[in-house]
Amino acid sequence: LWDYYEGQQPVPKGEAVRGRPNNLLRVPFPRYITEVQTGYFLGVPPTLSYERPEEGRIYADLPMDHLLFDIGRDMSICGEGFALVWLEQSGVRVCRCDPLTCFSIRGGEAGEPLRAAVRLFKRPDDTVCGMLYEEERVTSFTWDGQRVALGAPEENLPGHLALVPFNNNCQTCGDFEMVTGLLDAYNLLLSGAMDDMQSVANAFLALYGMQGTTQGDIDEANRTRILSLAEGGRAEFVVKNLNHEALAQLESNLRRSILELSMTPDLSDERFAGNASGVAMQYKLWGIEQVRLAKERSFLDGLHRLLTALSGGFALLGTPVALEQGQVTFYKNLPQDHTALASTLLSLSPAVQAHHSGTAAVGEGRGGGTAAQGRGNHGNGGVIMNEEEKQELETLRAEKLRREQVERARAALERGGVPQSFASLLAGGDDGDTDRRTEEFRAAYQASLAEDVKSRLPASAPVVTAPLPQRPRRGIRRLR
């Protein structure tokens with residue numbers, strides 16, 4: 001997969017015919033897919049909010065923005081990324097590890113819990129070495145290609161896994177791993193088409209009615225650029241007929257299939273015009289949004305492990321913090337029309353000045369509201385929207401409220417041991433309505449389940465009786 005990303009993958013053409021061009025074209029579709037997917041997911045770095053200011057300050061001092069983006073790119077390529085945490089006298093350090101030299105080890109129990117992680121590297125004498133990271137210990141080893149020699153284990157003082165894996169999704173698949181066959185077909189098509197185009201320059205000259213032509217005549221024609229043809233004779237080049245329309249159609253179909261099946265939008269498509277509405281843009285980005293949500297769910301597990309390992313290191317150095325308790329917020333990296341926004345603000349500058357004092361009072365009344373919140377409240381009060389924009393805004397608000405209530409109902413059902421598939425049916429108009437409906441359904445479900453179990457139980461204990469005598473096999477007796 002890394003070869004695909006770097007454009008070094010093989011082109012399955014087979015052995016080329018002697019004298020025929022042998023082009024090996026590799027279109028960097030994997031790099032395009034990875035950069036678009038990673039940029040949409042982590043182009044705007046996620047933020048963590050803490051109740052204790054010192055925890056937020058410690059997290060801000062860590063190089064997390066670049067680290068998380070690099071790990072996200074590794075996840076997109078290989079399906080898994082790794083971060084290594086270690087302690088120095090100067091403090092806690094964290095860095096990205098090459099996913100080609102790391103792998104995780106999971107148990108065979110239900111849920112496949114993470115047991116350990118391994119990192120391989122080479123010494124200057126080309127000896128293959130490695131480190132086995134566990135929560136309790138860290139063990140070095142060497143590998144001679146056949147056997148592994150373990151070194152003396154060392155205690156892992158922080159008590160958490162130091163080599164933290166990040167999964168791209170629950171299948172640990174890369175973003176273009178499922179379309180590698182289509183990528184090979186696309187490169188093969190372009191390479192073959194280029195071979196055919198170059199073969200046209202190596203065409204044969206056919207002379208009709210010139211049976212007596214000698215090599216000297218051909219050399220003279222090449223020198224003078226003049227052919228002396230007999231009566232009724234003619235000359236033409238024999239070339240391979242190319243169906244350019246069929247090649248263009250096949251290339252277009254492969255390109256569209258690669259992007260559609262990898263859930264990656266084609267940014268060169270005219271449908272991504274700047275005049276598209278917000279709802280229309282959301283429908284165009286629906287596929288990549290599903291990929292982003294799957295990435296977010298898997299990424300949170302690795303981020304929680306990483307923050308837990310960092311907290312253990314800081315606690316060991318005398319700074320007890322709980323970085324893993326921060327509230328994580330992800331952002332979609334969408335294009336912004338800054339020119340239109342600036343024009344709107346300039347046209348509304350009198351209204352902005354008139355409402356500025358009221359907006360500031362609202363921000364202060366909320367007890368330290370952020371500047372972004374103040375701007376958002378101010379913009380809603382001053383921007384004049386048409387009916388279509390108002391309807392679109394109300395639709396987005398209703399969808400957001402619906403998603404929040406569904407998540408609230410799902411969490412309540414999970415705590416009550418009820419299947420979460422009923423969450424969409426129990427979402428109410430507000431938190432109180434959702435809690436009431438969920439509690440009533442949970443009680444009714446558990447009561448119904450108890451009654452169903454009771455109805456299936458026997459009324460009395462089973463009685464063991466002797467088996468019935470078998471009926472004689474009449475057919476066999478008659479034959480005898």
Colleague: Does anything in residues 181-192 form a salt bridge (charged side-chain N to carboxylate O under 4.0 Å, His left out)? List the pairs, not counting sequence neighbours.
Modeller: none
Colleague: Taking side chain to side chain donor-acceptor pair (under 3.5 Å) as the definition, give me every residue that meets it alongside Asn23, ordered by chain and number, with sequence neighbours left out.
Modeller: Asp195, Gln198
Colleague: Could you name each residue pair satisfying ring-ring contact (aromatic ring centres under 6.0 Å, His included) that touches residues 116-144, not counting sequence neighbours?
Modeller: none
Colleague: So that I can tick it off, tell me whether Arg408 and Asp435 are bridged by a salt bridge, with the cut-off set at under 4.0 angstrom between side-chain N and carboxylate O.
Modeller: yes
Colleague: With a 4.5 Å cut-off on side-chain heavy atoms, are Lys13 and Leu188 touching?
Modeller: yes
Colleague: Inspect the contact between Arg436 and Glu440 and indicate whether a charged nitrogen and a carboxylate oxygen are less than 4.0 angstrom apart.
Modeller: yes
Colleague: Restricting to side chain to side chain contact (heavy atoms under 4.5 Å, CB included), what partner residues turn up for Thr319, sequence neighbours left out?
Modeller: Ile58, Phe314, Val321
Colleague: In the structure I gave you, are the side-chain heavy atoms of Thr180 and Leu1 within less than 4.5 Å of one another anywhere?
Modeller: yes
Colleague: Tell me, please, which residues at least two apart from Glu54 pass salt bridge (Lys or Arg N to Asp or Glu O under 4.0 Å).
Modeller: Arg52
Colleague: Return yes when atom CD of Glu6 has more than 12 non-hydrogen atoms of other residues, nucleotides or ligands closer than 6.0 Å, and no otherwise.
Modeller: yes
Colleague: Under a 4.5 Å cut-off applied to non-hydrogen side-chain atoms, are Leu334 and Leu285 in contact?
Modeller: yes
Colleague: If you define the side chain from C-beta out and look only at heavy atoms, does anything of Asp431 sit under 4.5 Å from Gln405?
Modeller: yes
Colleague: Verify the distance criterion only: is there a donor paired with an acceptor across the side chains of Tyr331 and Thr47 at less than 3.5 Å?
Modeller: yes
Colleague: With sequence neighbours excluded, tell me which residues meet ring-ring contact (aromatic ring centres under 6.0 Å, His included) with Phe29.
Modeller: Tyr186
Colleague: Going by salt bridge (charged side-chain N to carboxylate O under 4.0 Å, His left out), name the pairs with one or both residues in residues 26-47, residues two or more places apart or in two chains.
Modeller: Glu35-Arg73
Colleague: Who passes ring-ring contact (aromatic ring centres under 6.0 Å, His included) against Phe176, sequence neighbours left out?
Modeller: none
Colleague: What pairs of residues pass the salt bridge (charged side-chain N to carboxylate O under 4.0 Å, His left out) test when at least one of them lies in residues 120-136, not counting sequence neighbours?
Modeller: Glu134-Arg137
Colleague: Could you tell me whether the side chain of His160 reaches within less than 4.5 Å of the side chain of Ser311, counting heavy atoms only?
Modeller: no
Colleague: Does a salt bridge link Glu251 with Arg255, judged by any charged N lying under 4.0 Å from a carboxylate O?
Modeller: yes
Colleague: Can you name the residues that form a salt bridge (Lys or Arg N to Asp or Glu O under 4.0 Å) with Glu51, not counting sequence neighbours?
Modeller: none
Colleague: Contact between Glu399 and Thr395 at the side-chain level, heavy atoms closer than 4.5 Å - yes or no?
Modeller: yes
Colleague: So, taking the atom named CG in Leu303 and the one named CG in Leu68, what distance separates them when rounded to the nearest 0.5 Å?
Modeller: 6.0 Å
Colleague: Please list all pairs meeting salt bridge (charged side-chain N to carboxylate O under 4.0 Å, His left out) that have one or both residues in residues 74-84, counting only residues at least two apart or in different chains.
Modeller: Asp74-Arg96
Colleague: As an exercise, state the distance from CG of Leu84 to CZ of Arg93, rounded to the nearest 0.5 Å.
Modeller: 13.0 Å
Colleague: Does anything in residues 36-64 form a ring-ring contact (aromatic ring centres under 6.0 Å, His included)? List the pairs, not counting sequence neighbours.
Modeller: Phe41-Phe299, Phe41-Phe330
Colleague: So do Leu426 and Thr434 actually touch side chain to side chain, heavy atoms under 4.5 Å?
Modeller: no
Colleague: Does any part of the side chain of Thr329, heavy atoms only, come nearer than 4.5 Å to the side chain of Ser49, both counted from C-beta?
Modeller: no
Colleague: Taking atom types as modelled and ignoring hydrogens, do the side chains of Asp175 and Asn168 form a donor-acceptor contact shorter than 3.5 angstrom?
Modeller: yes
